[in-house]
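Reading through the structure tokens given below for one structure.
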Amino acid sequence: MMKLHSLKHQTPEFYVVIPARYASTRLPGKPLLDIAGKPMVAWVAERAKLSGAKQIVVATDDLRIVETLKQYGHQAMMTRADHASGTDRIAEVALSQGWHDDAIVVNVQGDEPLIEASLIVEVAATLSDRSDAVMATACHAIHSKADFLNPNIVKVVLDAQYNALYFSRAPVPYPRDAFAAGSDLPLDMQAYRHIGIYAYRAKFLKQYASIQPSAIERIECLEQLRVLHQGYKIAVSISEKAPAAGVDTQEDLDYVRSLMY
């Protein structure tokens, strides 16, 4: 069985919220699926704990998840069932917990049982260092043409200050000349895969629910575009390695189980 190791790191003070809905189209009851004798969401909470977060809260819409996490010593709270997104669910937690406006809140997905604690720290520190940004996230370099063309892999384009210019499922920035010549990705091309982890300031989370979804958000099915559309800045950290596998399908679950047993 995989062992967890504590992380030694100087970090800003931050909180972690793990949204965990019981319903899942592909994997019903996904947060409570067993991995190495423990429910998936409990593994996520343990990984988050290694980051040194001041408080970790699992935000759910199902009492079964709350009761299960109590058995493992993790805090969970019931949130409204009608939230349009995980960010809205996190905002409810921030309000209910009374976290101050400048508090940094990291959104860790409930289906990431292998998430590295260092990645959680990284996005929290990125936001802490950037007073001009309301959010922070992460990315890593893409070297494979197949990954670059895959619409299930979200790409992010950065400006000179490492802010997100745009997120897309399309291959951006598009290497016109190289692809016209039938070549692979240019060696000097900066193409980045977005890693779906976010840090927010609590004040912005409280404002988020009042921001209307934008057309580009609906077209791309990417919630973070709502923020860019309104002119806010999202700071982006470039991670040296790809994130560990998340769980979205039965194949993903089987793979993670094979790693953790």
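Model, not experiment: these values are computed from the prediction.
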Apply the test side-chain contact (heavy atoms from CB on, under 4.5 Å) to residues I115 and I197: give CA-CA distance (whole Å), side-chain angles for both, the deciding distance (0.1 Å), then the verdict. CA-CA 10 Å; I115 189 168; I197 182 172; 3.9 Å; yes
Go through the steps for I234 and F167 under the test side-chain contact (heavy atoms from CB on, under 4.5 Å), then give the verdict. CA-CA 11 Å; I234 301 178; F167 297 87; 4.0 Å; yes
Consider only side-chain heavy atoms of I, L, V, M, F, W and Y, link residues closer than 4.5 Å, and tell whether [X] and [Y] are in one cluster.
X	Y	value
V105	I211	yes
M260	L33	yes
Y232	L158	yes
V227	L205	yes
I104	V17	no

Measuring from atom [atom1] of [X] to atom [atom2] of [Y], what distance do you get when rounded to the nearest 0.5 angstrom?
X	Y	atom1	atom2	result
H143	L185	NE2	CG	9.5 Å
M135	L228	CE	CG	8.0 Å
W99	K54	CH2	NZ	10.5 Å
K49	I56	NZ	CD1	7.5 Å
T249	K30	OG1	NZ	9.0 Å
E112	L119	CD	CG	9.0 Å

Please list all pairs passing the salt bridge (charged side-chain N to carboxylate O under 4.0 Å, His left out) test where one or both residues lie in residues 145-166, with sequence neighbours left out.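 Non-adjacent pairs meeting salt bridge (charged side-chain N to carboxylate O under 4.0 Å, His left out): zero.
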Verify, without hydrogens or angle tests, whether [X] (side chain) and [Y] (backbone) share a donor-acceptor contact under 3.5 angstrom.
X	Y	result
T137	I195	yes
R201	A133	yes
R89	A20	no

Parallel under 30°, tilted from 30 to 60°, perpendicular over 60°: which one fits the rings of F148 and F179?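 Plane angle over 60°, so perpendicular.
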For Y208 and F204, take the angle between the two ring planes, folded into 0 to 90°, and tell me which bin it lands in: parallel under 30, tilted 30 to 60, perpendicular over 60.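 Perpendicular, since the angle between the ring planes exceeds 60°.
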Which side-chain N or O atoms in residues 90-97 pair as donor and acceptor under 3.5 Å with protein atoms at least two apart or in another chain?
from, atom 1, to, atom 2, distance (Å)
E92, OE1, R80, N, 3.1
E92, OE1, H83, NE2, 2.5
S96, OG, E92, O, 3.3
S96, OG, V93, O, 2.9
Q97, OE1, Q55, NE2, 3.0

Which atom pair, heavy atoms only, marks the closest approach of [X] to [Y]?
X	Y	value
A164	V156	CB-CG2, 3.9 Å
V256	P113	CG1-CG, 3.9 Å
A178	P186	CB-CG, 3.8 Å
A48	I120	CA-CD1, 3.8 Å
S51	F14	OG-CZ, 3.5 Å
L63	M78	N-SD, 3.5 Å

Among side-chain atoms of [X] and [Y], is any donor-acceptor pair under 3.5 angstrom?
X	Y	result
S118	E116	no
Y166	E220	yes
Y200	T87	yes

Measure the shortest side-chain to side-chain distance between [X] and [Y] over non-hydrogen atoms and say whether it is less than 4.5 angstrom.
X	Y	answer
V236	H194	no
T60	V41	no
R169	C221	yes
Q161	K233	no
P213	R226	yes

Using side-chain contact (heavy atoms from CB on, under 4.5 Å), reason through I238 and Y192 one step at a time and then give a plain yes or no. CA-CA 8 Å; I238 301 175; Y192 297 107; 3.6 Å; yes
Which residue, D252, D254, D248, forms the side-chain hydrogen bond (donor to acceptor under 3.5 Å, both in side chains) with Q250?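 Result for side-chain hydrogen bond (donor to acceptor under 3.5 Å, both in side chains) with Q250: D254.
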Does OH belonging to Y255 count more than 12 external heavy atoms closer than 6.0 Å?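 No, the 6.0 Å shell around OH holds no more than 12 heavy atoms from other groups.
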Is it true that atom CD of E67 has more than 12 heavy atoms of other residues, nucleotides or ligands lying nearer than 6.0 Å?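 Atom CD in E67 is packed in, count exceeds 12.
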Go through the steps to decide whether D61 and Y22 satisfy the test side-chain contact (heavy atoms from CB on, under 4.5 Å), and finish with yes or no. CA-CA 7 Å; D61 58 354; Y22 187 83; 4.2 Å; yes
